[in-house]
Peer 1: 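Questions regarding the structure given below will be posed in turn.
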Amino acid sequence: MKKIILPLMALLCGISCADNRPERDVTVAVVADLHFDLPPETDQYYHVRALNRLEGQFRVDPAKTGGIDMGVVEHLDGVTVAGDMFDKALPVIHDMYFSRYTRGEGDKQIHYDVYPGYGNHDIDPFSQDSVRNIEGRMLNLRLLDSLLQQKLSEGKILNLHPESRSYSWNVGDVHFIQAHRYSGDTGYCESNMKWLAEDLTKYASEGNPVVYIQHYGFDEWALGWWTEEEREALFDVLDRYNLAAFLVGHTHEPSIQKYRSHKIYQVNNAWPDEDGKGSFAVVRLKGDNIVIATCRWTDGEGNYEVVGPYYSKSLKR
């Protein structure tokens, strides 16, 4: 009799636990192309002040998302960088970054955990000088190694590929992947593709949403920075899973591109230029939907406006 009752109790418990799980509600901000440079600093803290005011204020108009209403963001689960944190590799520039993007309580200091990501300027900070470039690359990589080892020790990331520095983490059942310039990159390391496939098998095989971040994108200019073979290999892996969003930086303007059947959300840079003021993406997964919009700051006091491009998608498979 026990052999029948125990499996039945386990089954009922499983159903009950599933029914009692809280609704998915995950929000992260994705910034890109910060390009911290030599002093004097100008407007690098504008992003930080706006990021610190998302909670309790940020809301996307459902008329812009096909009627999907996510409501007001009540909790921000972190900030991740889609590459090009630094314009050059110098200790004084690293110090400026730390003053803004180390979690703390300062007025011009981020109040949330930050998940770093490197782009071409971080990996090749002095591309016209081969000797200085390698020295600068090693300086930047040592900094990244330090940041990631700290996050590992604190349990804030799940899985790290030491050679490429690609890594992953979870917020609830949402699986995030940071691949730096792009998956398959062998320009400064061995390829992370085997690591990526194994990571997704381990952490995303149950159909839970995957949010993937890298630097290089899919607009006409960005396609010249990595090959079609590399893009095909990446999506041959990602297409097996519930890819909720793919976010990139690099091109310094917000847009949505398309590859295979997926929309690629391109994040703007951090300072005002030809296309307007600096901005970043806010990614919210709630229940069975995801919505992404751009948050564009309007001044240096933390004020901002919600603008396109708008992205929405069902997470049901």
Side-chain angles (χ1 to χ4, degrees), residues 18-32 46-80 82 111-112 170-176 204 207-213 217-219 241-249 253-270 275-299 301-317:
D19 290 344
N20 291 331
R21 282 183 299 195
E23 181 186 43
R24 178 187 299 123
D25 192 352
V26 174
T27 303
V28 299
V30 181
V31 304
Y46 286 20
H47 256 32
V48 170
R49 278 183 161 171
L51 287 160
N52 287 341
R53 293 184 64 180
L54 293 179
E55 290 185 349
Q57 297 187 46
F58 188 92
R59 180 176 182 269
V60 181
D61 183 351
K64 305 291 187 180
T65 61
I68 299 173
D69 188 1
M70 295 293 203
V72 176
V73 169
E74 298 298 339
H75 179 72
L76 185 65
D77 295 293
V79 178
T80 188
H111 296 170
Y112 306 95
N170 281 353
V171 182
D173 72 335
V174 182
H175 189 57
F176 290 84
N208 50 307
V210 175
V211 176
Y212 176 95
I213 302 104
F218 292 80
D219 64 284
Y241 300 93
N242 187 5
L243 183 62
F246 189 120
L247 295 103
V248 301
E253 62 181 19
S255 69
I256 292 179
Q257 310 297 324
K258 194 170 184 180
Y259 189 78
R260 291 189 180 178
S261 60
H262 302 281
K263 291 181 179 180
I264 313 298
Y265 200 96
Q266 186 171 291
V267 182
N268 193 24
N269 58 303
D275 66 340
K277 293 182 170 65
S279 62
F280 51 86
V282 178
V283 182
R284 190 166 191 195
L285 302 94
K286 185 177 181 183
D288 292 324
N289 293 292
I290 180 172
V291 165
I292 308 176
T294 288
C295 178
R296 183 169 63 199
W297 46 257
T298 56
D299 56 33
E301 303 305 314
N303 297 306
Y304 56 80
E305 57 186 348
V306 183
V307 298
Y310 298 96
Y311 170 105
S312 59
K313 179 180 177 179
S314 171
L315 300 175
K316 294 180 179 179
R317 297 191 76 186

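All values below come from the heavy atoms of this structure, side chains included, with hydrogens, waters and symmetry mates left out. Along the sequence shown, residues carry numbers from 1.
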Peer 1: Tell me, with the steps shown, if Thr80 and Val30 meet side chain to side chain contact (heavy atoms under 4.5 Å, CB included).
Peer 2: CA-CA 5 Å; Thr80 188; Val30 181; 3.6 Å; yes
Peer 1: Measuring only between side-chain heavy atoms, which start at C-beta, is Leu247 closer than 4.5 Å to Ile292?
Peer 2: yes
Peer 1: Between Gly308 and Tyr265, what is the shortest heavy-atom contact and its length?
Peer 2: C-OH, 4.5 Å
Peer 1: Looking at Asn289, Asn208, Asp173, which one forms a side chain to side chain donor-acceptor pair (under 3.5 Å) with Arg24?
Peer 2: Asp173
Peer 1: Can you tell me how far apart NZ (Lys316) and CG (Asp288) are? Round to the nearest 0.5 Å.
Peer 2: 5.0 Å
Peer 1: Please step through side chain to side chain contact (heavy atoms under 4.5 Å, CB included) for the pair Leu51 and Val31, ending with a clear verdict.
Peer 2: CA-CA 10 Å; Leu51 287 160; Val31 304; 4.1 Å; yes
Peer 1: Please list all pairs passing the salt bridge (Lys or Arg N to Asp or Glu O under 4.0 Å) test where one or both residues lie in residues 54-72, with sequence neighbours left out.
Peer 2: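 Salt bridge (Lys or Arg N to Asp or Glu O under 4.0 Å) check on residues 54-72 returns Arg59-Asp69.
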Peer 1: Measure the CD1-CG distance between Ile264 and Asp219 for me, rounded to the nearest 0.5 Å.
Peer 2: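 CG of Asp219 is found 11.0 Å from CD1 of Ile264.
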Peer 1: Relative to the ring of Phe218, is the ring of Phe246 parallel (under 30°), tilted (30 to 60°) or perpendicular (over 60°)?
Peer 2: perpendicular
Peer 1: Indicate yes or no: at least one non-hydrogen side-chain atom of Val26 is less than 4.5 angstrom from one of Phe176.
Peer 2: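 Yes. Closest side-chain heavy atoms under 4.5 Å.
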Peer 1: Would you call the rings of Phe280 and His47 parallel, tilted or perpendicular if under 30° counts as parallel and over 60° as perpendicular?
Peer 2: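 Rings of Phe280 and His47: perpendicular, as their planes differ by over 60°.
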Peer 1: State which residues pass side-chain contact (heavy atoms from CB on, under 4.5 Å) with Lys286; sequence neighbours excluded, sorted by chain then number.
Peer 2: Glu23, Asp25, Met70, Arg284
Peer 1: Counting distance only, does the side-chain N/O of Tyr311 pair as donor-acceptor with the main-chain N or O of Val283 below 3.5 Å?
Peer 2: no
Peer 1: What are the two closest heavy atoms between Gly207 and Asn242, and how far apart are they?
Peer 2: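 Residues Gly207 and Asn242, closest heavy atoms: O-ND2, 3.0 Å.
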Peer 1: What closest approach, in Å, do Val291 and Ser312 show between heavy atoms, and which atom pair accounts for it?
Peer 2: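 Distance-wise, the nearest heavy atoms are CG2-CB, 4.1 Å.
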Peer 1: Search all heavy atoms of Leu54 against all heavy atoms of Tyr304 and return the closest pair with its distance.
Peer 2: CA-OH, 3.7 Å
Peer 1: Looking only at heavy atoms, which two atoms of Lys313 and Leu243 are closest? And how far apart?
Peer 2: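 The pair with the smallest heavy-atom distance is NZ-O, 2.5 Å.
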Peer 1: Would a 4.5 Å heavy-atom cut-off, applied to side chains only, mark Asn268 and Thr294 as touching?
Peer 2: no
Peer 1: Evaluate the criterion side chain to side chain contact (heavy atoms under 4.5 Å, CB included) for residue pair Arg53 and Asn303; output intermediate values, then yes/no.
Peer 2: CA-CA 8 Å; Arg53 293 184 64 180; Asn303 297 306; 3.2 Å; yes
Peer 1: Where do Phe58 and Ala293 come nearest, in terms of heavy atoms and distance?
Peer 2: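 Between these two residues, the closest heavy atoms are CZ-CB, 4.4 Å.
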